[in-house]
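The block underneath contains the structure these notes are about, expressed in structure tokens.
Within every chain, numbering begins at 1; the chains are lettered A, B, ... in the order of the sequence lines, protein sequences first and strands thereafter.
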Number of protein chains: 2
Amino acid sequence: MEENKVVTIYDIAEKLNLATSTISRALKDHHTISEKTIKKVKKVAEEMGYVPNTLAAGLRGNKTQTIGVLVPTVTQPFLSSLISGIEITAQKSGYNVIIMQSNDSYEAEVSMAKSLYGSRVSGVICSLAMKTTDTSHFQQFVSKDIPLVFVDRVPKDFDTFKVIIDNYAAGFKATEHLIEQGCTRIGHLTAGSKFGNLYTERMRGYLDALKKHNITPKEELIVDLKAVTYEEGVKASNKLLDLKTPPDGIFASGDIMAVSAIQSAKKRGLSVPGDIAIIGFNNDPISEIIDPNLSTITHPAAKMGQISAEIILKNIKSAKKNAEKGITYLDTEVLVRESSQKN
Amino acid sequence: MEENKVVTIYDIAEKLNLATSTISRALKDHHTISEKTIKKVKKVAEEMGYVPNTLAAGLRGNKTQTIGVLVPTVTQPFLSSLISGIEITAQKSGYNVIIMQSNDSYEAEVSMAKSLYGSRVSGVICSLAMKTTDTSHFQQFVSKDIPLVFVDRVPKDFDTFKVIIDNYAAGFKATEHLIEQGCTRIGHLTAGSKFGNLYTERMRGYLDALKKHNITPKEELIVDLKAVTYEEGVKASNKLLDLKTPPDGIFASGDIMAVSAIQSAKKRGLSVPGDIAIIGFNNDPISEIIDPNLSTITHPAAKMGQISAEIILKNIKSAKKNAEKGITYLDTEVLVRESSQKN
DNA sequence: GATAAAAAAACAATCGATTGTATTTTTATG
DNA sequence: CATAAAAATACAATCGATTGTTTTTTTATC
């Protein structure tokens, strides 16, 4: 085997004195090729170190064994678990995964969508950038029958597959749990809620839970973070704790925020959950490590990735032009640990 | 613009009554094409919604704008930061990133390397699977002049680019720091060290630091985890704490292990760092959140990703057949926080 | 206005696998 | 053994962009 030459089906064809079409078919066990030839071809292909050029196949067939994944970032635990779920599922079916990080920038997202389209990905899984309101850059996939799944951060008005949790219900459950623990003055940490995203839904749940239990929502108890980071979380938490009458409970729309709330409270000598009960969202790894252990809402990240990938794979294969674009809701649960348990 | 037709340079050529070669060159500002034509072509391309087919370009040029990344998992904070660094750097130069997770399986790694090769990636960045000892499946890249960078978990005997930290020195520094704090009986948590990897190096540093300070290493003080998880960390920590004479300090080769050590110690009513000083490795996000804050060794994940990607990009472009394959060492520091500070 | 030189654009092959159609070979049957 | 049917294989076009080589067009010069 030459060191620097890439082996193609032409090389195999020449060696065996066969046509390239025969080689191509033999390698995929086509029924018109005799057993004898198939065996021979496979043996020689192996010996010569043949690796199919997926570009050529993709160009010819106008499709690739690749799924494009477009997410705000890969470093958030929720998203890295999501990606892991996608990647494992894709791999099982022989599909590869191209990853792009929008960094929550709308412009980057537009450009990356175009790039994925140019790469002829067979499907796209996307969690929207925080700043995205217009989603017309995804229309190209739909009009070319490339399956598109939005996951977690999804647009409201785009008719395609969606995999989400019921953020409203989850926000409701989380808040109600705090009420059941005896909290009457419940703060809420949220982020970028003005963009009408999943945080807004969680907040709606929070507000409705309060109303159901005859608690009047107070604007001062809701803090909207600029970014979901530990530092911003600390700032926001302090805003709540600095109030003349601080809250006796906090529902944070993410575990990072919840953790910063716990730390900020502890730093002031407040007992959690004694003085203030706290519940987060996501069930990030840190939630079972922080002291006190953080009560939170489970958010099945890997499962969401798996299901998203499965939807893509199914809709590539079936090639149904107008498959019914459904929303898949996954269950969440209130995971009661120490930080919210007053009784 | 038709809804379901993909626009190619042929469509543009037909519309403008020009040759496809002219279109192709105009789109990249080739000097043999007149300004007038270039402007006209670009305008029409834009109007028709032309997106270049990267498969076709890749097939023709036998190279793609894609970097393959092969890592054990994407969910560990160190690796997701590494990937993030790679992705951002690649994106800036117009390169995409294909991700594969070996899940620490040797067989998966072999198959994925082949798959990346078939995808004609322009370069490969890999962090080896825990179980990999034979690395001959990477030879195909080298012999085809596809730049290959190993990062963090690198093979000893493979002549290619490597981006690592000095694990020996870091292990030494961490251990010496504990000694300086007055620890005399220092435990060590490590993982899969028999495979001769970076954990082994850290352990060598640990052992040499002890020797330098005339402390005799004891086998009972070294615990080798089966897997780097919180649960295994707890088991291993308890093994140390259950000793007749438990250690007064622990150097854990990873922050997860260190965190489990802190929790296990606290659960027994031991004070950290009072009764037992603990230092980890990586500077994972959790290290500044755990109580007490974890002292650790900084591990510049994103930077390592960036540098790895830069090496790939540089060596694609220069196309030097025999560029000197160097090892890039990045600095680490002892980050002293609460968990190890006795004075 | 003829001609050479320069500029612009066209022609045509190429990358490697796939696939519809044609051709050759084999097998079966009277 | 001839012939039809079936099986196996070959032929050739195709996917879309790129690029070395020609050809055509434009510009400059005498």
Worksheet item: Any luck finding a side-chain donor-acceptor pair between A:Q101 and B:S84 under 3.5 Å?
Response: yes
Worksheet entry | Atom-pair distance (NE2 on B:H30; P on C:dA9), nearest Å | 13 Å
Worksheet, complete the sentence: Here the residues of residues 36-44 of chain B within 4.0 Å heavy-atom distance, strictly under, of DNA chain D are none
Worksheet item: Looking for any heavy atom pair under 4.0 Å, which part of the strands does B:T32 touch: base, sugar-phosphate only, or nothing?
Response: base
Worksheet item: Could you give the distance from NZ (A:K144) to CG (A:N62), rounded to the nearest 0.5 Å?
Response: 10.5 Å
Discussion item. With a 6.0 Å cut-off on the ring centroids, do B:Y106 and B:H137 count as close?
Written reply: yes
Practice prompt. Taking all non-hydrogen atoms of both residues into account, name the closest pair between A:I98 and B:N96 and its distance.
Written response: CG2-CB, 4.4 Å
Worksheet item: Of all heavy-atom pairs between A:S102 and A:A129, which one has the smallest distance, and what is that distance?
Response: OG-CB, 3.6 Å
Fill in: Closest contact, heavy atoms only, B:T37 versus B:T22
CG2-CG2, 4.1 Å
Practice prompt. Give a yes-or-no answer on whether the side chains of A:S136 and A:D134 include a donor-acceptor pair shorter than 3.5 Å.
Written response: yes
Practice prompt. Strictly below 4.0 Å, heavy-atom distances to any atom of DNA chain C: list the hits from residues 13-28 of chain A, or just say none.
Written response: A:T20, A:S21, A:S24, A:R25, A:K28
Worksheet item: If you measure from CD on A:Q91 to CD1 on A:I67, what distance do you get to the nearest 0.5 Å?
Response: 10.0 Å
Worksheet entry | Non-hydrogen atoms of A:V51 and B:R120 that approach each other most closely | O-NH2, 4.1 Å
Discussion item. Distance under 4.0 Å to a non-hydrogen atom of chain B counts as contact; along DNA chain D, which nucleotides mark the start and end?
Written reply: D:dG16 to D:dG20
Discussion item. Could you report the tightest heavy-atom contact between A:V124 and A:I312, atom names first, then the distance?
Written reply: O-CD1, 3.5 Å
Fill in: B:K40: partners by salt bridge (Lys or Arg N to Asp or Glu O under 4.0 Å), with sequence neighbours left out
none
Item to complete: Select base, sugar-phosphate, or nothing to describe what B:I9 touches, counting heavy atoms under 4.0 Å on all strands.
Response: base
Worksheet item: Among side-chain atoms of A:Q65 and A:T54, is any donor-acceptor pair under 3.5 angstrom?
Response: no
Practice prompt. Please determine if A:E47 and A:K43 form a salt bridge, counting it only when a charged side-chain N lies under 4.0 Å from a carboxylate O.
Written response: yes
Worksheet entry | Note: B:D104-B:R153 ion pair, threshold 4.0 Å (strictly below) | yes
Discussion item. Using five base pairs at each end to define the local axes, how bent is the helix from C:dG1-D:dC30 to C:dG30-D:dC1, to the nearest 10°?
Written reply: 50°
Worksheet item: Using 4.0 Å as the upper bound for N to carboxylate O, is an ion pair formed by A:K42 and A:D29?
Response: yes
Practice prompt. Would you jot down, in residue-number order, the residues of residues 55-64 of chain A having a non-hydrogen atom under 4.0 Å from DNA chain D?
Written response: A:L59, A:R60
Discussion item. Both A:E35 and A:Y10 contact DNA chain D. Taking the nearest nucleotide for each, which residue is further toward the 5' end?
Written reply: A:E35
